[in-house]
Number of protein chains: 2
Amino acid sequence: MSTMVKNPPAEKKSVRPPIVQTTVGNYLLDQLFSLGVEHIFGIPGDYVLRFNKQIEQHQIKFINTTRENTAGYMADAYARLRGLGVACITYGVGINIANALSQAYVENSPIVVISGSPGTDEIIEGHKLHHLLNKQSTAGKMDTTQLDIFKHVTVDQAVLDNPATARAQIDRVLMNCLRLKKPVYIEIPRNIVAQPMNAEPGKLQVRFTSDPDALKESLEEVSNILKKCQKPVIWAGHEIQRFGLGSKLLAFAEKFRIPVVSSLLGKTVISENHPLFAGVYQGDISQLEVSEFVDSCDCLILLGTILTDVDTGIFTAGLHQEMKISATSETIEIGHHTYPKVSFTNFVEGLAQLKLNVRFRHDYPANIDRRQIPFIPKKGAKTTTARVFECIQSHLISKPIVVTDVGDCLLGSSDLTLEESSFLACAYFATLGFGTPGAIAAQIAAPKRRVIGIIGDGAFQMTSMELSTAVRYKLDPIIIVLNNHGYGTERPLLDGAYNDIQEWNYSAIPQVIQGGIGIKVETEEELERALTQALKTRGQFTLIEVELDRMDFSPAMLRFTSNVRGKAKG
Amino acid sequence: MSTMVKNPPAEKKSVRPPIVQTTVGNYLLDQLFSLGVEHIFGIPGDYVLRFNKQIEQHQIKFINTTRENTAGYMADAYARLRGLGVACITYGVGINIANALSQAYVENSPIVVISGSPGTDEIIEGHKLHHLLNKQSTAGKMDTTQLDIFKHVTVDQAVLDNPATARAQIDRVLMNCLRLKKPVYIEIPRNIVAQPMNAEPGKLQVRFTSDPDALKESLEEVSNILKKCQKPVIWAGHEIQRFGLGSKLLAFAEKFRIPVVSSLLGKTVISENHPLFAGVYQGDISQLEVSEFVDSCDCLILLGTILTDVDTGIFTAGLHQEMKISATSETIEIGHHTYPKVSFTNFVEGLAQLKLNVRFRHDYPANIDRRQIPFIPKKGAKTTTARVFECIQSHLISKPIVVTDVGDCLLGSSDLTLEESSFLACAYFATLGFGTPGAIAAQIAAPKRRVIGIIGDGAFQMTSMELSTAVRYKLDPIIIVLNNHGYGTERPLLDGAYNDIQEWNYSAIPQVIQGGIGIKVETEEELERALTQALKTRGQFTLIEVELDRMDFSPAMLRFTSNVRGKAKG
């Protein structure tokens with residue numbers, strides 16, 4: 001329970017909220033809680049134990065992970081679903097979370113990493129403390145190596161070494177996290193955690209502002225383009241989801257009846273069952289009808305789309321349209337000029353409110369067919385990657401969140417038809433091993449929904465044992481391991497023994513971690529039965545290991561290798 | 001096989017070795033091989049596949065690990081035993097290895113991290129490549145985030161973007177690694193790997209030089225001190241081992257009959273069965289007779305000892321002696337003055353050659369008793385931490401390498417009596433999870449010896465599945481998991497549910513990874529039987545899970561909590 005007292009009944013004359021007494025650690029926890037954080041992922045350690053104890057006594061629940069980097073991945077997945085995620089580590093060995101920060105940085109996931117550190121009273125000249133690089137120990141200064149490393153992959157940082165300034169630091173850092181949708185870092189010396197401080201409680205409000213004239217001009221330009229073009233298409237990216245602009249995008253698309261394709265990283269920014277949704281566009285990796293459709297447009301409107309190699313099909317996306325509008329959190333660009341004083345959020349909000357009597361009749365072609373086809377297992381047929389995705393597709397009526405790792409599990413999933421905000425994957429930074437912890441965290445973030453994790457065997461070996469955390473907290477993600485016996489995506493590039501991995505009996509993992517259900521399937525019938533059963537099972541995870549041929553790939557992976565392989569260098 | 005051709009028979013007039021044609025990647029591999037590297041640990045990835053292929057075709061063997069940071073820990077363990085270790089990763093997600101670099105940096109382990117990266121021909125303005133932070137992509141420059149991060153935890157770095165300069169860069173970076181015994185970083189763009197270059201083959205020679213007059217003066221001072229004192233003691237640290245100075249230290253100690261204690265990090269710098277060895281000294285954590293012995297000395301000679309909190313018993317080591325000599329790779333200090341122009345290596349070599357007619361009669365007290373006591377299991381007695389170490393001690397006749405993780409497994413191991421260079425632990429940076437990959441790598445580095453890993457359950461959950469690598473390569477470390485049901489070392493500091501972990505059936509892991517033997521023991525008889533059997537078993541690992549009470553600790557841990565707990569803050 002927090003030490004921050006509830007506001008007394010407001011007196012009429014009082015404008016400012018009353019000052020309350022709290023502690024540095026509790027103020028941080030209260031602010032996080034007010035921003036929707038109900039869980040913190042992490043590992044204890046001596047420098048952070050006192051803060052761990054504060055979490056234990058707070059409404060926020062501490063989720064013990066098995067190691068540091070998975071705590072980071074879990075905070076990342078949580079942030080993508082809930083708007084803010086938090087990981088908590090101890091100093092020095094906490095550097096293990098640097099890759100998770102990198103991924104969150106580049107894929108705009110607002111996570112806060114909190115690290116305990118030695119007390120300010122322990123920093124004594126020549127004293128070399130464990131877990132520290134101690135580069136400054138001869139000068140009696142705190143080692144800053146962890147901070148220095150994290151500066152490269154966070155947008156703001158604070159070392160809370162002074163209770164008098166802690167409140168302003170915490171508020172600033174959290175605001176920057178939410179404003180920029182990128183990770184931040186907060187370090188708390190262990191003797192500061194419980195020190196008293198005053199605070200005015202109150203939820204932090206993130207505001208996005210633009211120059212009104214610039215915003216007006218940019219939106220007028222959009223209006224003029226919309227008046228001129230016949231066949232516009234919106235290519236929506238992940239930033240729409242991160243900035244909570246899905247409904248605005250939809251309002252804009254629906255008002256003018258503009259079809260929407262998404263990037264892979266932005267998959268499910270709107271429901272893929274929406275009549276205006278026309279598929280995932282990835283240049284030449286796309287389904288042929290989707291790429292033909294986008295290529296045939298005369299106006300491309302990129303909203304929150306980052307042009308990565310993955311999302312452009314290794315730069316095969318045409319982008320040849322004469323009329324082009326592109327808005328991201330970094331820049332608003334129309335034609336060949338930019339609007340530096342216009343914020344992304346205000347721009348997309350403005351699009352939704354455009355007053356313009358235009359309604360496009362630009363249907364996407366009939367061959368883009370997203371009807372649900374029932375999965376009828378062929379008797380005795382061995383499982384293939386393509387059929388696994390067809391089987392999953394047939395079960396999407398339960399509207400699960402799909403979390404994938406990197407590899408064919410990611411590419412193959414691009415063809416699934418999912419609801420809004422129902423897809424998590426690090427499709428840009430491409431961290432192998434994100435999928436399993438990501439799926440577990442998704443289940444924590446959205447406890448009422450089902451979560452299906454789709455993970456390749458190579459990726460699964462990296463972080464499989466995080467399923468232990470699912471057992472501990474009685475979480476029930478469904479983990480589908482696509483076992484193609486090695487780093488399958490790399491084999492077509494340049495194969496060798498280095499792409500092989502040790503064969504595991506994946507479905508035996510529940511015997512080690514003492515919970516969950518493990519099933520190995522080799523035929524379509526077994527797969528259908530296992531997935532049906534898994535979707536009925538709550539309170540414990542189901543791991544379905546699917547036996548696949550070494551060189552069996554999804555249709556999307558085949559499009560990738562046949563259309564863009566030349567550009568994807570081994 | 002290397003493309004570097006063998007030297008033709010030397011012609012008499014030729015002084016310089018002949019120039020040979022090789023490639024950038026092969027030159028690097030040849031240099032590593034000539035320095036004793038026979039194994040490289042890592043994970044493949046598209047940016048590094050071509051280099052992976054070169055390794056496959058070289059004498060050096062690639063060891064596939066299950067993830068990046070364990071590859072780093074394994075390279076670290078290998079380096080401690082073999083003098084140089086190498087990990088190989090792909091760009092961006094390779095940041096996962098940053099913690100392993102931090103540990104190697106602070107504990108002087110010479111490792112080389114090699115990362116593949118995008119081809120120099122792929123760095124195009126605005127092209128955002130996967131796995132990259134792409135902070136510089138709008139300027140058409142290569143992203144340097146990984147390099148920038150690694151700069152904080154390496155002593156030299158090279159990006160081999162030009163075959164013409166690659167040779168000089170490789171040689172410089174490797175020399176700095178060996179000279180400073182700290183990690184270095186080499187990045188190879190994938191289009192450079194196979195580019196031709198000329199090289200003069202020849203093993204790199206590391207030379208340590210000092211100002212001759214300064215060296216002479218410092219050694220004369222030592223002579224004068226040795227003439228004056230009656231009871232000197234050498235406190236030897238890990239740098240003696242890292243710089244390969246064990247035999248020089250021993251020559252010095254034996255010539256003058258000076259007793260030797262070691263730090264915990266430096267444990268086994270000399271054989272602990274040597275008559276002059278008097279124990280591991282850690283201030284008030286030490287066995288009482290050891291700390292009394294050191295406290296009673298009138299001259300303390302620190303050689304390669306870093307005064308960390310762990311190694312000084314949280315700064316309880318007295319260090320009150322009037323006569324004090326301290327030599328490390330960073331500074332040579334006698335009394336209150338330093339010799340900046342004297343190298344650590346030359347100084348220790350000089351000590352071994354001191355000409356001085358002194359022979360101390362300063363026996364360490366009879367109560368320091370290291371006779372092997374046979375372990376006789378008490379019938380039906382439940383296993384305790386203390387008895388586990390007694391059991392291990394009784395089996396040390398096989399002269400194994402002991403690798404420990406952090407926690408009571410580390411502290412408890414301090415009392416074991418081991419042979420020279422037979423103890424590996426990150427007793428300073430204290431990375432939880434080092435033990436299991438460390439033990440596996442030790443087995444690779446020293447295939448003829450037995451390796452006993454002693455790991456707490458919390459640490460084991462972090463990296464347990466690296467045992468998969470032991471199965472794949474038919475390695476047979478013995479892994480003893482001390483299962484005290486959580487982060488036991490933290491419980492006396494500040495306990496809470498955050499110190500609990502999910503209960504695993506550790507001995508079932510072989511069923512998942514399809515190899516090795518798993519045994520759970522609950523009594524002394526079972527423990528004795530399991531360890532005896534394990535020591536007879538070759539070709540596959542044995543995992544012995546030892547059931548312990550939650551609050552059961554080793555004698556060393558009890559010394560820690562009773563003598564220095566006040567200084568070890570929760």
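Naming convention: chains lettered A, B, ... in sequence-line order (proteins, then strands); numbering from 1 in each chain. This is a predicted model, so every value here is computed, not measured.
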[Y] and [X], any side-chain heavy atoms less than 4.5 Å apart:
| X | Y | value |
| --- | --- | --- |
| L133(A) | S102(B) | yes |
| F315(A) | E122(B) | no |
| L49(B) | N499(A) | yes |
| K128(A) | L307(B) | no |
| I149(B) | V153(A) | yes |
| R67(B) | L432(A) | no |
| M465(B) | M462(A) | no |

Could you pull out all residues at least two apart from Q461(A) that satisfy side chain to side chain donor-acceptor pair (under 3.5 Å)?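 Q461(A): side chain to side chain donor-acceptor pair (under 3.5 Å) contacts with Y506(A).
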Who pairs with H127(B) by side chain to side chain donor-acceptor pair (under 3.5 Å), at least two apart in sequence or on another chain? none
Considering only heavy atoms and a distance below 4.5 Å, find which of [options] pairs most often with chain A.
| options | answer |
| --- | --- |
| I97(B), T312(B), I513(B), T66(B) | I513(B) |
| I55(B), I63(B), L132(B), T145(B) | L132(B) |
| N52(B), T308(B), T431(B), L101(B) | N52(B) |
| V106(B), T70(B), T469(B) | V106(B) |

Pick one of side chain, backbone, both or neither for [X], based on which atoms fall under 4.5 Å of a heavy atom in chain B.
| X | result |
| --- | --- |
| D500(A) | both |
| V310(A) | side chain |
| T463(A) | neither |
| N64(A) | side chain |
| Y428(A) | both |
| I43(A) | side chain |
| F429(A) | both |

Are N96(B) and N96(A) linked by a side-chain donor-acceptor pair shorter than 3.5 Å?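 N96(B) vs N96(A): no donor-acceptor pair found between side chains.
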Tell me which of these, [options], has more heavy-atom pairs under 4.5 Å with chain B than the rest.
| options | result |
| --- | --- |
| G92(A), G42(A), A98(A) | G92(A) |
| D148(A), T65(A), N69(A), V48(A) | D148(A) |
| A508(A), G496(A), S468(A) | S468(A) |
| Q511(A), H131(A), E503(A) | H131(A) |

On a heavy-atom basis, the closest approach of L129(B) and D309(A) is CA-OD2, 3.4 Å
Would you name the heavy atoms of K53(A) and L494(B) that are closest together and state the gap between them?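 The answer is CB-CD2, 3.8 Å.
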Distance (rounded to the nearest 0.5 Å) between [X] [atom1] and [Y] [atom2]:
| X | Y | atom1 | atom2 | value |
| --- | --- | --- | --- | --- |
| I89(B) | N99(A) | CD1 | CG | 9.5 Å |
| R472(B) | Q502(A) | CZ | CD | 7.5 Å |
| H130(A) | C426(B) | NE2 | SG | 11.5 Å |
| Q103(A) | I95(B) | CD | CD1 | 11.0 Å |

Name the region of [X], side chain, backbone, both or neither, that has any atom closer than 4.5 Å to a heavy atom of chain A.
| X | result |
| --- | --- |
| Y105(B) | side chain |
| I306(B) | side chain |
| F62(B) | side chain |

Worked verdict on K135(A) versus H152(B) for side chain to side chain contact (heavy atoms under 4.5 Å, CB included): CA-CA 10 Å; K135(A) 289 181 178 177; H152(B) 298 290; 4.2 Å; yes
Look only at the side chain of E56(B) and the backbone of A497(A), and say whether a donor-acceptor pair between them is shorter than 3.5 Å. yes
